[in-house]
Peer 1: 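Dropping a structure here in structure tokens format, bear with me for questions.
Along the sequence shown, residues are numbered consecutively beginning with 1. Both counts, for ligands and for their atoms, begin at 1 and track the order of listing.
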Amino acid sequence: MNPNKELIILKLGGSVITKKSEGKPEVDGENLKRLAKEIADAKKKKNFSLVIVHGAGPFGHVPAKRYGLDKGIMDEEQMKGFSITHQSMEKLNFQVVEALQRHMINAVAYQPSAVGILKNRRLIYFPTIVMEELISRDVVPVAYGDVLLDEETGVNILSGDHLVPYLADTLNANRVIMAADVPGIFDSDPKKNKNAKLIKEIDSRNISQIREIGTSMGTDVTGGMERKLNELLRLTELGIESEIVSAIEPGILRRTLLGERGLGTIIKTDP
Ligand code: IP8
């Protein structure tokens with residue numbers, strides 16, 4: 001890899017690229033097409049390396065829940081669930097890669113369950129030699145949340161939110177961008193409170209206050225956003241800053257990829 005070329009790890013949230021609210025394994029074609037174009041536009045203007053990780057939406061979460069994969073292997077049905085859930089994620093990944101290719105991005109599917117191993121849901125093995133080679137040839141690896149073998153529980157779920165900081169650390173990324181269905185982290189639930197204010201920066205000075213907000217906001221935040229935040233905080237300890245931005249508002253992702261900061265919530269390293 002070229003150490004002088006900026007490397008960005010981008011997470012495309014599952015709720016943005018799928019019709020998550022309908023609970024059906026369907027791609028949100030409009031969002032996906034627009035995001036692929038924004039990524040392509042940014043890449044044309046600026047020479048950076050990119051790794052994409054996308055979330056699952058109903059393609060992963062619905063079958064994973066049906067077969068109780070987050071509980072590990074307890075019966076034979078779960079191995080069937082492993083196969084079905086992975087295949088469903090492949091179908092989503094296929095469409096993401098194709099959308100990127102239509103915009104002349106050399107995207108290549110990168111299957112986490114073919115290379116990674118978990119231990120109690122945490123990645124303990126995920127070689128990146130091939131990924132590094134792809135990046136140095138200006139290919140964009142497109143990985144995703146998947147079901148993986150787990151040393152403790154048999155199988156388990158690898159969330160894209162867990163894979164992103166792992167890759168950022170291993171590949172020594174310069175930036176981490178989480179493109180989500182909300183513009184960042186708010187001081188109260190924006191879906192319930194129209195006066196909710198976007199928190200522009202999170203660092204060690206306001207983190208305890210933000211954790212309090214997180215735990216009082218119900219499943220949306222304690223599940224999705226709080227977990228995401230915890231993963232991103234691990235990165236600040238390694239000196240890597242990350243940002244959560246809107247993937248719904250057109251143009252925000254393109255501007256962020258081009259280097260604009262402060263369009264969402266920045267999770268900052270300590271000064
Ligand atoms: O949507 C979950 O990935 P995420 C992966 O990034 C599965 O948390 C298979 C449910």
Peer 1: Between Glu133 and Arg137, does at least one N-O distance fall below 4.0 Å, as a salt bridge requires?
Peer 2: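 Counted as a salt bridge, because a side-chain N and a carboxylate O are separated by less than 4.0 Å.
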Peer 1: Number the atoms of ligand 1 from 1 as they appear, then name those within less than 4.0 Å of a heavy atom of Gly55, with their elements.
Peer 2: 1 (O), 6 (O)
Peer 1: Report, in ascending order of atom number, the atoms of ligand 1 lying under 4.0 Å from any heavy atom of Ala56.
Peer 2: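 Checking each atom against Ala56, I get 1 (O), 2 (C), 3 (O), 4 (P), 5 (C), 7 (C).
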Peer 1: Does a side-chain N-to-carboxylate-O contact under 4.0 Å join Lys228 and Glu231?
Peer 2: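 Looking at Glu231 together with Lys228, the answer is no, because their closest N to O distance does not fall below 4.0 Å.
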Peer 1: Could you tell me whether Lys43 sits above the aromatic face of Phe48, with NZ or CZ closer than 6.0 angstrom to the six-membered ring centre and within 45 degrees of the axis?
Peer 2: yes
Peer 1: Just distances here: any N/O of Thr85 and N/O of ligand 1 closer than 3.5 Å?
Peer 2: no
Peer 1: Any N/O of Gly160 closer than 3.5 Å to an N/O of ligand 1?
Peer 2: yes
Peer 1: Between Arg255 and Glu38, does any side-chain N to carboxylate O distance fall below 4.0 Å?
Peer 2: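 No, Arg255 and Glu38 are not salt-bridged.
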Peer 1: Could you establish whether Gly14 and ligand 1 come within less than 4.0 Å of each other, counting only heavy atoms on the residue side?
Peer 2: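 No, that is not the case, since the closest heavy atom of the residue is not under 4.0 Å from the ligand.
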Peer 1: Would Lys11 count as being in polar contact with ligand 1, using the rule that some N or O on each side must be under 3.5 angstrom apart?
Peer 2: yes
Peer 1: For Met89 and ligand 1, does the shortest N/O to N/O distance drop below 3.5 Å?
Peer 2: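 In fact, backbone or side chain, Met89 has no N or O that close.
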Peer 1: Can you tell me the protein heavy atom closest to atom 5 (C) of ligand 1 and the distance?
Peer 2: Gly145 C, 3.5 Å
Peer 1: Using a 4.0 Å cutoff against the non-hydrogen atoms of Asp146, which atoms of ligand 1 qualify?
Peer 2: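 Per the distance check, 5 (C), 9 (C).
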Peer 1: So that I can tick it off, tell me whether Asp161 and Lys11 are bridged by a salt bridge, with the cut-off set at under 4.0 angstrom between side-chain N and carboxylate O.
Peer 2: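 Salt bridge flag = yes for Asp161 with Lys11.
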Peer 1: Salt bridge check: are Lys19 and Asp28 linked by an N-O gap of less than 4.0 Å?
Peer 2: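 Salt bridge: no.
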Peer 1: Less than 4.0 angstrom from a charged side-chain N to a carboxylate O is my criterion; do Glu243 and Arg175 meet it?
Peer 2: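 Salt bridge: yes.
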Peer 1: When the ring planes of Phe126 and Tyr166 are compared, do they come out parallel, tilted or perpendicular, using 30° and 60° as the limits?
Peer 2: perpendicular
Peer 1: Side chain, backbone, both or neither: which part of Leu69 comes within less than 4.0 Å of ligand 1 when only heavy atoms are counted?
Peer 2: neither
Peer 1: Which residue, Asp146, Val142, Leu134, forms the side-chain contact (heavy atoms from CB on, under 4.5 Å) with Tyr110?
Peer 2: Leu134
Peer 1: Is ligand 1 under 4.0 Å from a heavy atom in the side chain of Leu158, in the backbone, in both, or in neither?
Peer 2: backbone
Peer 1: Give me the residue, atom name and distance of the protein heavy atom closest to atom 10 (C) of ligand 1.
Peer 2: Gly60 C, 3.5 Å
Peer 1: Specify the protein heavy atom at minimum distance from atom 8 (O) of ligand 1: its residue, its atom name, and the distance to 0.1 Å.
Peer 2: Ser159 OG, 2.7 Å
Peer 1: Among all protein heavy atoms, pick out the one at the shortest distance from atom 7 (C) of ligand 1; state its residue, atom name and that distance to 0.1 Å.
Peer 2: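 Result: Ile157 CG2, 3.7 Å.
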